[in-house]
Amino acid sequence: MLKSIVRFSLRHRGVVIALAGALLFYGIDSLRTARYDVFPEFAPPQVSIETEAPGLSPEQVEQLVTTPIENAIIGVTGVHRVRSASIQGISVITVIFQNQGGIYLDRQLVAERLGTLAGQLPAGVTPVMTPLTSTTSWVMEVALSSQKLSAMDLTTVANWVVKRRLLAVPGVANVSVFGAMTRQIQIQYDPEKLIQHNIAVTDVISAAQRATAVRGAGFVSTPNQRIILQTEGQSLTPGEISRTVVVRSRGANLTLGDVCHVVEAPAPPVGGAALMGRPAIDLVVQSQYEANTLQVTQGIDQALAELRPGLSKEGIQVNPNVFRPANFILTALHNVRSSLEIGAILVVVVLFLFLFNFRTAAISCTAIPLSLLGAVIVLNLMGQSVNTLTLGGLAIAIGEVVDDAVIDVENIYRRLRENRAAPHPRKAWRVVMNASVEVRSAVVYATFAVILVFF
């Protein structure tokens, strides 16, 4: 078989050269359009379900929220394992599937089961599937800091300006904000005053809802048109809310300000973030499933560049280098490129020193790019990403890739030189074929030995 391949390549060398050129151009295009990531998708398909249950203790969350959801999910087709965690006010369930139907079908099956939980969970509690992300979902961390703005103002900018712009970047699945101090209008009631005026907490809540709610007013029909009514006048500031009447008694009005402190304050924080020892807002950007990390990073950089002038005028500093996985990929690409250059130079130098022939060195060096580009083509066809692991493997393989070519070309060159000195020289193509076949079995066995070692 090996002899037939060598014979075909020599007789149709024009076709072989054309195929090599096609492989070169197709490989370069595959390298340009390949999906780059830090690591491959090493985790099995999984779906995460988060359920907020404000006010419930961990034990209540486990009994009233986590257990019913688990009972509904366990029977889904293809479920391999279910993990859950119940903490104060939140339930997190991770459903791990077998590699069968695909992650999108798995999410659809989970969504159908979650729809059957209506009426089984506490009022106001709704389970939600988190966005579908890759295994190494963190594509970038962006820190916002300011010495002019308060923590609440900085949080407002992060949530309503930066986060919304980053979510619009193609390939971004979710943006989580850490260290946020979310602005709230809080009604902090005084228990003693409530008792003194014989007012229940529900009365305070009802008054606050009346002051801030938006209600539909319907419409008025005329012979010519329908006029839409829009109600306005809801209270939007602490001062307006504090003047809301709670009860009327004996001609006097008792307002929220009489029994409560109505203030603008941050929501109770969950976690924190700091940059260089100072409080900051940390935005963790997560990429979509099978997204190209380099392309997503470039999109985020472009979005931040658009936002930076406006943020700078507000006194906000943007630091996009807190955590940046794209740097690992670029470093790996640089290392492979350096290995290619060094390997090619060493091959040329060594072969020229031993053979004093640049043509043999050039022919041997063609094996390096063609073999590596062929590997990239195979990775693309298999749906795999080019990541730091595969790039590291390609860098290690350069020595083995060029080894076969060096042995083959050196033996061919030696046999051709001997043939020219012989009294009856044979045809050059037959000498080349015999010289190549002569070392082919040794090269093949050596290659299989290397494969076995790597396995």
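Along the sequence shown, residues carry numbers from 1.
Looking only at side-chain heavy atoms (C-beta outward), S436 and D408 come within less than 4.5 Å of each other. The shortest side-chain heavy-atom distance between I103 and V47 falls under the 4.5 Å cut-off. In this structure, V82 and V79 have side chains that are in contact, with non-hydrogen atoms separated by less than 4.5 Å. Using a 4.5 Å cut-off on side-chain heavy atoms (C-beta onward), N411 and R415 make contact. Looking at I87 and I90, their side chains come closer than 4.5 Å, going by heavy atoms from C-beta outward. The shortest side-chain heavy-atom distance between M129 and L114 falls under the 4.5 Å cut-off.
Taking a 6.0 Å sphere around CZ of R414, one finds it holds more than 12 heavy atoms contributed by other residues, nucleotides or ligands. In the displayed structure, Q188 atom CD is contacted under 6.0 Å by more than 12 heavy atoms of other residues, nucleotides or ligands. Around the CD atom of E52, the shell of radius 6.0 Å holds no more than 12 heavy atoms that belong to other residues, nucleotides or ligands. Within 6.0 Å of the CZ atom in R308, the count of heavy atoms belonging to other residues, nucleotides or ligands exceeds 12. Around the CZ atom of F323, the shell of radius 6.0 Å holds more than 12 heavy atoms that belong to other residues, nucleotides or ligands.
Between I316 and the options L307, L311, V162, V161, a side-chain contact (heavy atoms from CB on, under 4.5 Å) holds for only L311.
Looking only at distances, a side-chain donor or acceptor of Q288 sits under 3.5 Å from a matching main-chain atom of V172. At distances below 3.5 Å, at least one donor-acceptor pair connects side-chain atoms of T366 with backbone N or O atoms of I363. Here the side chain of T390 pairs no donor or acceptor atom with the backbone of V386 at under 3.5 angstrom. With Q186 contributing its side chain and P266 its backbone, the two residues share a donor-acceptor pair below 3.5 Å. N71 places no side-chain N or O within 3.5 Å of a backbone atom of I69 that could act as its donor or acceptor partner. No donor-acceptor pair under 3.5 Å is formed between the side chain of N419 and the backbone N or O of P425. No donor-acceptor distance shorter than 3.5 angstrom exists from the side chain of S91 to the backbone of V61, with no hydrogens or angles considered. Side chain of R278 to backbone of L275: no donor-acceptor contact under 3.5 angstrom is found.
Residues P131 and A173 share a closest heavy-atom pair of CB-O, 3.7 Å. Summarising the geometry of L121 relative to P127, their closest heavy-atom pair is CD1-CD, 3.5 Å, with the distance given to 0.1 Å. Taking every heavy atom of both residues into account, R113 and I73 meet most closely at CB-CD1, 4.0 Å. What you find for A20 and L370 is that their closest heavy atoms are O-CD2, 3.6 Å. Shown here for Q98 and P45, the closest heavy-atom pair between the two residues is O-CG, 4.3 Å. Of all heavy-atom pairs between R7 and M433, the closest is CB-SD, 3.8 Å.
Here the straight-line distance linking atom CG of L154 with atom CD1 of I281 works out to 5.0 Å at 0.5 Å rounding. Atoms CG and CD, from L64 and Q120 in turn, are 12.0 Å apart once rounded to the nearest 0.5 Å. Summarising the geometry, atom CD1 belonging to I241 is positioned 9.5 Å from atom CD belonging to E264; distances are rounded to the nearest 0.5 Å. The distance from atom CG of N387 to atom CZ of F328, rounded to the nearest 0.5 Å, is 13.5 Å. Once rounded to the nearest 0.5 Å, the distance linking CZ of F97 with CG of L109 reads 6.5 Å. Summarising the geometry, atom CD1 belonging to I185 is positioned 6.5 Å from atom OG1 belonging to T237; distances are rounded to the nearest 0.5 Å.
Applying the salt bridge (charged side-chain N to carboxylate O under 4.0 Å, His left out) rule to pairs touching residues 293-302 yields D301-R324, sequence neighbours excluded. Listed by first and then second residue, the salt bridge (charged side-chain N to carboxylate O under 4.0 Å, His left out) pairs involving residues 14-36 are D29-R32 (not counting sequence neighbours). Residue pairs satisfying the salt bridge (charged side-chain N to carboxylate O under 4.0 Å, His left out) criterion with at least one member in residues 150-179, sequence neighbours excluded, are listed as follows: D153-R183, R165-E306.
No hydrogens or angles considered: a donor-acceptor pair under 3.5 Å links the side chains of E70 and S84.
With sequence neighbours excluded, the residues that form a ring-ring contact (aromatic ring centres under 6.0 Å, His included) with F8 are H12. For S86, the side-chain hydrogen bond (donor to acceptor under 3.5 Å, both in side chains) partners at least two apart in sequence or on another chain are E62, T66.
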Which donor-acceptor pairs under 3.5 Å do the side chains of residues 446-455 make with protein atoms, sequence neighbours left out?
from : atom 1 : to   : atom 2 : distance (Å)
T447 : OG1    : D404 : OD2    : 3.3
T447 : OG1    : V443 : O      : 2.8

